[in-house]
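Heavy-atom basis, side chains included; hydrogens, waters and symmetry copies ignored.
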Amino acid sequence: MKADITKELIFNNFADKTTPLQRKQIDAWLQYQANEELYYKWLEEWENENMEYIPESEVLVERYAHFLYSNPRSTDDNQPEMEKPPLHFPQRKWWKRGLIAASIVFILGTGTWSFNDFIYYKTYQTAYGEAKTFTLTDGSLVTLNANSSLRMPRWGFGDEKREVVLKGEAGFSVTHTLSHQKFVVKTETDFEVVVLGTEFSVSSRNRGSQVVLNKGKVQVNYQEGNTTKQLMMKPGDLVSINRQRQVSLRTVAQPQNFSIWKEKRFVFDEISLFDIAQLLEETYGLTVTIDTPELAQRKLIGSFRAENVDELLLTISDLLEISIIREEDRVRISEK
């Protein structure tokens, strides 16, 4: 019989008032990511109601870290084809207290990891060659391009602003709130996008960054030396930031083309093979070699659809009449 896991049962578990059978049912329930996030939400609520509790030492958190690595959870909310064995939590006291000691920073392997970040933030991410659409807690839609990630508060946004951190490339359709709450996209390259309800795309890659506005109004905040500057965009504007942090603004006729990758389409407007090689590296994880500097500056113009990277390479080869050879994750481009 399927166990009925309720908030009351989980609260009893935090208070060490559950039976061995109930704990075993909770362990099996925790195999699924959606349940794990609900569990942490209830944990935070229980902690707020039991502030008198004082967590034990770092050893407790280290034990929990070991548990996380030893018991990977399923990322699929659907029932698995094969039943997984239940998780085991020896010494129930440390399991509960290890979770509560969320403010302790501890070492996992060769790096330092903050358990606070794990509890309070979640990250959406995509692999090479993969694009996914997510609905945020405020109803906004985000489509992540390949090799990208978006970090946001696990339990929803605060009252002052909605803030996310982007690494890579994404398209946003932001929902307006009754309180006119700002939506802020931060990046790791010293610029951020502030919006009130709009459609736009942001790219923050090694080769440079750009913001393209389709609808609405956005403000780009960026650093110039030690000074923070602002630039207001209108629909059709494209802001580019190169590797030297130089900012430029221009108007484009079809801003929607800059997020057409959502439909697995590519629009190349006078783009060099050198830039295409960087796109292939960042989006598909390929290592690209171009035989000569002259070939690297060849320009490509065209619009086409490609379901996967092999179709994309074949199309580029046909359009430019060049040779493109792929061996696993390595690509060589040369004249025919």
_Between the side chains of Arg326 and Asp310, is the shortest nitrogen-to-carboxylate-oxygen separation below 4.0 Å, so that they form an ion pair?_
yes
*Check Lys229, Lys186, Glu192 against Asn221 for a side-chain hydrogen bond (donor to acceptor under 3.5 Å, both in side chains) and give me the one that passes.*
Glu192
_Contacts of type side-chain hydrogen bond (donor to acceptor under 3.5 Å, both in side chains), residue Glu294, not counting sequence neighbours_ = none
_Checking Glu163 now: which residues fulfil side-chain hydrogen bond (donor to acceptor under 3.5 Å, both in side chains) with it, not counting sequence neighbours?_
Lys161
*If you link I, L, V, M, F, W and Y whenever their side-chain heavy atoms are under 4.5 Å apart, who else ends up in the same group as Ile325?*
none
*From Leu319 CG over to Leu314 CG, what is the distance, rounded to the nearest 0.5 angstrom?*
9.5 Å
_Student check: side-chain heavy atoms of Tyr124 and Val142 closer than 4.5 Å_ = no
*Determine, stepwise, if the pair Leu295 / Glu335 fulfils side-chain contact (heavy atoms from CB on, under 4.5 Å).*
CA-CA 8 Å; Leu295 181 58; Glu335 297 282 4; 3.7 Å; yes
*Pairs involving residues 279-304, ordered by first then second residue, that meet ring pair (Phe, Tyr, Trp, His ring centres under 6.0 Å) (sequence neighbours left out)*: Phe268-Phe304
*Does the side chain of Ile10 reach to within under 4.5 Å of the side chain of Trp29, using non-hydrogen atoms?*
yes
*Under 4.5 Å side-chain linkage, directly or through intermediates, the cluster mates of Val194*: Val184
*asked:* Between Val185 and Phe172, is there a side-chain heavy-atom distance shorter than 4.5 Å?
replied: yes
*Not counting sequence neighbours, which residues clear salt bridge (Lys or Arg N to Asp or Glu O under 4.0 Å) with Glu130? List them please.*
Lys132
*What residues form a side-chain hydrogen bond (donor to acceptor under 3.5 Å, both in side chains) with Thr283, not counting sequence neighbours?*
none
*Only counting residues at least two apart or in another chain, list the ones meeting side-chain hydrogen bond (donor to acceptor under 3.5 Å, both in side chains) with Ser149.*
none
*Using the test salt bridge (Lys or Arg N to Asp or Glu O under 4.0 Å), find all partners of Arg265 that sit at least two apart in sequence or belong to another chain.*
none
*salt bridge (charged side-chain N to carboxylate O under 4.0 Å, His left out) partners of residues 254-264, not counting sequence neighbours, each pair once*: Lys264-Glu307
*asked:* So, using salt bridge (Lys or Arg N to Asp or Glu O under 4.0 Å) as the criterion, who are the partners of Asp237 when residues are at least two apart?
replied: Lys234
*Step by step, would you call Asp291 with Arg332 a salt bridge (Lys or Arg N to Asp or Glu O under 4.0 Å)?*
CA-CA 7 Å; Asp291 273 8; Arg332 181 180 177 184; 2.9 Å; yes
*If you link I, L, V, M, F, W and Y whenever their side-chain heavy atoms are under 4.5 Å apart, who else ends up in the same group as Val252?*
Val212, Leu238, Phe258
